[in-house]
There are 2 protein chains.
Amino acid sequence: MTRLERDLSNMLSFFKALSDESRLKIVGILASGDRSVEELASLLELRAPTVSHHLSRLKKTGLVHMSTEGNTHIYRLNVESLRTLSKQILSVEKLSADDLVDSEAWEKKVMNDFFEDSRLKVIPASRKKREVILRFLAEQFDRKQKYSEKEVNQIIGRYHEDFATLRRELVGASLMKRKAGEYWRVK
Amino acid sequence: MTRLERDLSNMLSFFKALSDESRLKIVGILASGDRSVEELASLLELRAPTVSHHLSRLKKTGLVHMSTEGNTHIYRLNVESLRTLSKQILSVEKLSADDLVDSEAWEKKVMNDFFEDSRLKVIPASRKKREVILRFLAEQFDRKQKYSEKEVNQIIGRYHEDFATLRRELVGASLMKRKAGEYWRVK
DNA sequence: TCGCTATTTAGATAGATATCTATTTAGACT
DNA sequence: AGTCTAAATAGATATCTATCTAAATAGCGA
């Protein structure tokens, strides 16, 4: 299991733990002091086994701790875990990285849908799909080299007859630049 | 609906929205840029209707926004909402206030279980319950007055014959203080 | 206007889970 | 040992929901 997968399932169990009204109230109540199971049950107007079930769920995620006092079990909030969660939320972005989802699935799909025998069947109407095609075309150019318009047309022409439109789109999408009749790849 | 109830159900819907693996991934993916429904579907290996369902749930809680581009719908993350949530988590304590739970239910229950005809049946063994009883007894004393031990015994004696134990417990629990044979109520 | 594309809605199904009652476990007091 | 008390576990049930397929909607281009 990668670090990211751990982060995801860790965060997920936090959210699952807090995505229930009774448990959210329990956390709120415990924030103002330790409580026994029976105490929570009467505050929440629930049966003790129900509360016990919720507490064991909260305990499993580390949101609460338990201590023993005779045969009563005293639960207390783990404030630190809330702080950790609060921070984690601000770094949700990191969850999208490559090993959580197949980040090339979209490109592969679009390429597969629009190419046949190494030729572009049609230029996609939607921007999102056109972008995939344009990125592919841009990759056919060497970053270190400059190309004349004729050369650009020729390379794009391998994939589609309307090289002029595609050439303009490449420039429009800032994947290529043009100056004084010369083209070069950007990024 | 009170402010607290609104806060609770608001927070709850946030947590519910994020307590699903697919939705958490969607949020993660959107953090790195806008995406169409189809794009998300292929990244997550889910059907478009499923993704659409998740997005509408996220949209309802304000976690994402939608814009239209031809007939493709582009979704983007509302980063501000994550920041808000992150802050709210640190103030969960406020959820325990009086109008969310009946904060006296516990005291009432204990008093009811242990009193009969205005007399304490037995001294509860568990600390949590004894505390309720002791708080009640402390309330029988006037904060502005000092009492001799005899007077203290007499007042406690109205409720239970073992006034000596209860008197000592009151001092031990810091609900009363004693000095030079005089007692007074604290807090 | 017709057909194509992207999304949403409707409806069905399988799996998860919050709650309850009844039972079991375990500690404390006599 | 036996009784009482507090909590946990087991098992049942009813509700919720993530996912799918099929159908409906809506924009766009020919």
Side-chain angles (χ1 to χ4, degrees), chain A residues 12-13 15-26 34-42 44-61 64 66-75 106 109-110 113-114 121-130 132 162 165, chain B residues 12-13 15-26 34-42 44-61 64 66-75 106 109-110 113-114 121-130 132 162 165:
Chain A
L12 199 52
S13 55
F15 286 127
K16 284 200 166 135
L18 295 172
S19 69
D20 172 86
E21 180 164 352
S22 298
R23 284 196 291 269
L24 197 51
K25 283 183 180 171
I26 288 175
D34 302 349
R35 308 280 170 152
S36 67
V37 176
E38 216 185 338
E39 212 172 341
L40 288 167
S42 63
L44 296 166
E45 301 177 274
L46 290 172
R47 301 285 155 195
T50 304
V51 173
S52 190
H53 161 250
H54 287 311
L55 287 168
S56 87
R57 213 146 165 7
L58 290 170
K59 188 148 62 86
K60 213 166 51 183
T61 69
V64 306
M66 192 200 70
S67 61
T68 301
E69 214 172 77
N71 56 0
T72 109
H73 293 186
I74 305 283
Y75 285 87
W106 169 245
K109 178 190 187 304
V110 174
D113 287 353
F114 284 84
K121 286 189 279 186
V122 297
I123 301 176
S126 89
R127 176 180 64 88
K128 281 292 191 185
K129 290 180 180 174
R130 226 161 45 234
V132 174
D162 189 357
T165 297
Chain B
L12 199 51
S13 55
F15 287 127
K16 285 201 165 133
L18 295 171
S19 69
D20 172 86
E21 180 164 354
S22 298
R23 284 196 292 270
L24 198 50
K25 282 183 179 171
I26 288 175
D34 302 348
R35 308 280 170 153
S36 67
V37 176
E38 216 184 338
E39 212 172 340
L40 288 167
S42 65
L44 296 166
E45 302 178 273
L46 290 173
R47 301 288 156 193
T50 304
V51 173
S52 189
H53 161 250
H54 287 312
L55 287 168
S56 87
R57 214 144 164 8
L58 290 171
K59 187 147 64 84
K60 214 167 50 183
T61 69
V64 306
M66 191 200 69
S67 60
T68 301
E69 214 173 78
N71 56 1
T72 111
H73 293 186
I74 306 284
Y75 285 86
W106 169 246
K109 179 189 186 306
V110 174
D113 287 353
F114 284 84
K121 286 188 278 184
V122 297
I123 301 176
S126 90
R127 177 180 62 87
K128 282 291 191 185
K129 290 179 180 173
R130 223 161 47 235
V132 174
D162 189 358
T165 298

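Proteins come first, then strands; the chains are lettered A, B, ... in the order of their sequence lines, and each starts at number 1.
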Nucleotide by nucleotide, nucleotides 6-12 of chain C touches protein heavy atoms under 4.0 Å in the pattern (B base, S sugar-phosphate only, - none) SSBB---
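- With sequence neighbours excluded, no residue satisfies side chain to side chain contact (heavy atoms under 4.5 Å, CB included) with A/Ser52.
- Contact annotation for B/Ser22: backbone-only contact, meaning every heavy-atom pair under 4.0 Å involves sugar-phosphate atoms and none involves a base.
- Distance check: A/Leu55 CG to A/Ile26 CD1 gives 4.5 Å after rounding to the nearest 0.5 Å.
- Where DNA chain D meets chain A (any atom under 4.0 Å from a heavy atom), the bounding nucleotides read 5' to 3' are D/dT5 to D/dT9.
- Nearest-nucleotide positions on DNA chain C for A/Leu46 and A/Glu69 put A/Leu46 closer to the 5' end.
- Map A/Lys16 and A/Thr50 each onto its nearest nucleotide of DNA chain C; the residue landing nearer the 5' end is A/Lys16.
- A/Lys60 is linked by a side chain to side chain contact (heavy atoms under 4.5 Å, CB included) to nothing, counting only residues two or more places apart in sequence or in another chain.
- For B/Asn71, the side chain to side chain donor-acceptor pair (under 3.5 Å) test picks out no residue, with sequence neighbours left out.
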Using residues 17-25 of chain A as the side-chain source, report each donor-acceptor pair under 3.5 Å to any protein atom, sequence neighbours left out, with the distance given to one decimal.
residue	atom	partner	partner atom	Å
A/Ser19	OG	A/Phe15	O	3.4
A/Ser19	OG	A/Lys16	O	3.0
A/Asp20	OD2	A/Ser22	N	3.0
A/Asp20	OD2	A/Arg23	N	3.0
A/Glu21	OE2	A/Lys25	NZ	3.4
A/Arg23	NE	A/Ala17	O	2.7
A/Arg23	NH1	A/His54	ND1	3.1
A/Arg23	NH2	A/Lys16	O	3.3

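- Take B/Asp162 and apply the side chain to side chain contact (heavy atoms under 4.5 Å, CB included) test, not counting sequence neighbours, and it matches B/Ile123, B/His160, B/Ala164, B/Thr165.
- Partners of A/Pro124 under the side chain to side chain contact (heavy atoms under 4.5 Å, CB included) rule, at least two apart in sequence or in another chain, are A/Phe114, A/Lys129, A/Arg130, A/Ile133.
- Qualifying side chain to side chain donor-acceptor pair (under 3.5 Å) partners for A/Arg47, counting only residues two or more places apart in sequence or in other chains: none.
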